[in-house]
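Predicted, not measured: the structure shown is a model, and the values here were computed from it.
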Amino acid sequence: MPEPPTLVRRGRPLRHGAAAAVLLAVVGYVALQYVYGGKPEPRCTVVSGKGDGASYSFTAEQAQNAATVAAAGTSRGMPERAVTIALATALQESGLRNIKHGDRDSLGLFQQRPSQGWGNERQIMDPAYSAGRFYEHLAEVPGYSRLPLTVAAQRVQRSGFPQAYAKHEPDAALLAAALTGRAPAAFSCEGRPDTDPGGPAQVRAALARDFGREVRPGAVRGRTVTVPVPAPVATDRAPQRGWELAHWAVAHSSSLHIERVAYGEREWRATGAGKWRAAGREAKKGGTAGATAAGEVRIVTGQ
């Protein structure tokens, strides 16, 4: 018995649809290659400062949000444990992406709800604001630093799946150690110096947004922003705070068009593998690529 013609007619649109989907995928890939110069999306990596081989890799977007979350905590005097709790929470709630959707009216990195008093939509979609609100609530949890991470996070979030935070604790701890500066030269990113240009003004504005009055950028010389390590910690904690600022700059390198970051005897460059290395001593075209004093971080932008 011959095959009914209706089946044949149905098969053709399916084949055509599949072909169209493949064609669209190819076109999309080619477009991305054109826009990004044939390079994949920049990646960032944090490694353990303990030399145990532990590492975590994620996108430049996630790195930028993680650095903002960490800065919001340290600028409020919160300990590294609080930063770990916040980062694990954001990893679970949004994957460290500033998303505009969620359960009911949940938004942003921490999936906070305007209807529950976390702020309006515009505020919650500001990572610095939403992280600050998370820390405000965490600070009200008695003994949060001694509680299991799942318990501390749940006291703030009131999630339907509180145990889900636990799986992110190892990665969040690696991130917190680097982004609070305790693990030096542990955070690196593949830079993209050919993105939309930024400049010293954008770097200064981002520092003010994330750190508030805690950090005051110093002089601008050409494309270089010199960031003094804040005086209150310029003695015993200067190296840690310096590395916090240096790692923050690297995490924001793609969005702020940062080409070089130098602190102490180490330097990161957007070109090449984007790894920390021994710093040179010479000045470079209006920016400084050389070693710095322990009391300052130098950030060289693309324009």
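- The nearest pair of heavy atoms linking Arg133 to Trp118 is NE-O, 3.3 Å.
- Closest of all the heavy-atom pairs between Val261 and Trp276 is O-CZ3, 3.7 Å.
- One hydrophobic cluster, built from ILVMFWY side chains closer than 4.5 Å, cannot hold both Ile99 and Val69; they sit in different ones.
- Taken together through direct or relayed side-chain contacts under 4.5 Å among Ile, Leu, Val, Met, Phe, Trp and Tyr, Val151 and Ile85 form part of one hydrophobic cluster.
- Of all heavy-atom pairs between Arg266 and Ala278, the closest is NE-N, 4.1 Å.
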**OP:** Run the numbers on Asp210 and His252 for side chain to side chain contact (heavy atoms under 4.5 Å, CB included), then give the verdict.
**Re:** CA-CA 11 Å; Asp210 286 2; His252 285 79; 3.6 Å; yes
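- Between the side chain of Asn98 and the backbone N or O of Gly108 there is no donor-acceptor pair closer than 3.5 Å.
- For the side chain to side chain donor-acceptor pair (under 3.5 Å) with Tyr165, the lone residue among Glu93, Gln92, Gln154 that qualifies is Glu93.
- Hydrophobic clustering places Leu175 together with Leu149 (ILVMFWY residues linked when any side-chain heavy atoms are closer than 4.5 Å, directly or through intermediates).
- By the 4.5 Å heavy-atom criterion applied to side chains, Arg182 and Trp243 are not counted as neighbours.
- Heavy atoms from other residues, nucleotides or ligands lying under 6.0 Å from NZ of Lys167 number more than 12.
- Between the side chain of Asp105 and the backbone N or O of Ser115 there is at least one donor-acceptor pair closer than 3.5 Å.
- Tyr135 has its side chain out of reach of Glu140: every pair of non-hydrogen atoms, C-beta onward, lies at least 4.5 Å apart.
- How far CG of Leu245 is from CD1 of Ile299: 7.5 Å, rounded to the nearest 0.5 Å.
- Here the CZ-OG1 distance, from Phe58 to Thr45, works out to 8.0 Å after rounding to the nearest 0.5 Å.
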**OP:** Applying side chain to side chain contact (heavy atoms under 4.5 Å, CB included), run through Leu207 and Trp248 and close with a yes or a no.
**Re:** CA-CA 9 Å; Leu207 282 164; Trp248 176 92; 3.5 Å; yes
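- Between Val203 and Pro217, every side-chain heavy-atom pair lies at or beyond the 4.5 Å cut-off.
- Sorted by first and then second residue, the pairs that involve residues 81-91 and meet side-chain hydrogen bond (donor to acceptor under 3.5 Å, both in side chains), not counting sequence neighbours, are Arg81-Glu169.
- A donor-acceptor distance shorter than 3.5 angstrom exists from the side chain of Glu190 to the backbone of Arg43, with no hydrogens or angles considered.
- Atom CD in Gln116 sits 7.5 Å away from atom CZ in Arg104 (nearest 0.5 Å).
- When all heavy atoms of His247 and Ala183 are compared, the pair lying nearest together is CE1-O, 3.1 Å.
- Between Trp268 atom CH2 and Ser253 atom OG the span is 3.5 Å, to the nearest 0.5 Å.
- For Phe187 against Cys44, the heavy-atom pair with the smallest separation is CZ-CB, 4.3 Å.
- With no hydrogens or angles considered, no side-chain donor-acceptor pair links Glu259 and Thr301 at under 3.5 Å.
- We find that Arg241 and Glu214 are joined by a salt bridge, their nearest charged nitrogen and carboxylate oxygen being less than 4.0 Å apart.
- A donor-acceptor pair is defined here as one N or O able to donate and one able to accept, closer than 3.5 Å; no such pair exists between the side chain of Gln123 and the backbone of Ser130.
- Lys275 NZ to Ser188 OG: the interatomic distance, rounded to the nearest 0.5 Å, is 4.0 Å.
- With no hydrogens or angles considered, a side-chain donor-acceptor pair links Ser255 and Gln64 at under 3.5 Å.
- A donor and an acceptor atom, one from each side chain of Glu296 and Tyr263, are nowhere located under 3.5 Å apart.
- To the nearest 0.5 Å, atoms NE2 (His168) and OG1 (Thr150) are separated by 12.5 Å.
- Side-chain contact between Arg204 and Arg209 is absent, with no heavy-atom pair separated by less than 4.5 Å.
- Transitive grouping of hydrophobic side chains (ILVMFWY, heavy atoms separated by less than 4.5 Å) keeps Leu96 and Val47 in distinct clusters.
- Residues Glu244 and Thr74 form a side-chain contact, since some pair of their non-hydrogen atoms from C-beta on lies under 4.5 Å apart.
- Of the possible donor and acceptor atoms, one in the side chain of Gln157 sits under 3.5 Å from a partner among the backbone N and O of Phe110.
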**OP:** Starting from the C-alpha separation in whole Å, work towards a yes-or-no answer on side chain to side chain contact (heavy atoms under 4.5 Å, CB included) for Ile258 and Val300.
**Re:** CA-CA 6 Å; Ile258 293 170; Val300 183; over 6 Å; no
**OP:** Could you give me the CA-CA distance, side-chain angles and deciding distance for Arg260 and Arg223, then say whether side chain to side chain contact (heavy atoms under 4.5 Å, CB included) is met?
**Re:** CA-CA 10 Å; Arg260 295 193 295 276; Arg223 297 182 290 115; 4.3 Å; yes
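- Across every non-hydrogen atom of Arg216 and Arg213, the tightest pair is NH2-CG, 3.4 Å.
- Annotation: Glu121, atom CD; neighbour count of heavy atoms from other residues, nucleotides and ligands within 6.0 Å does not exceed 12.
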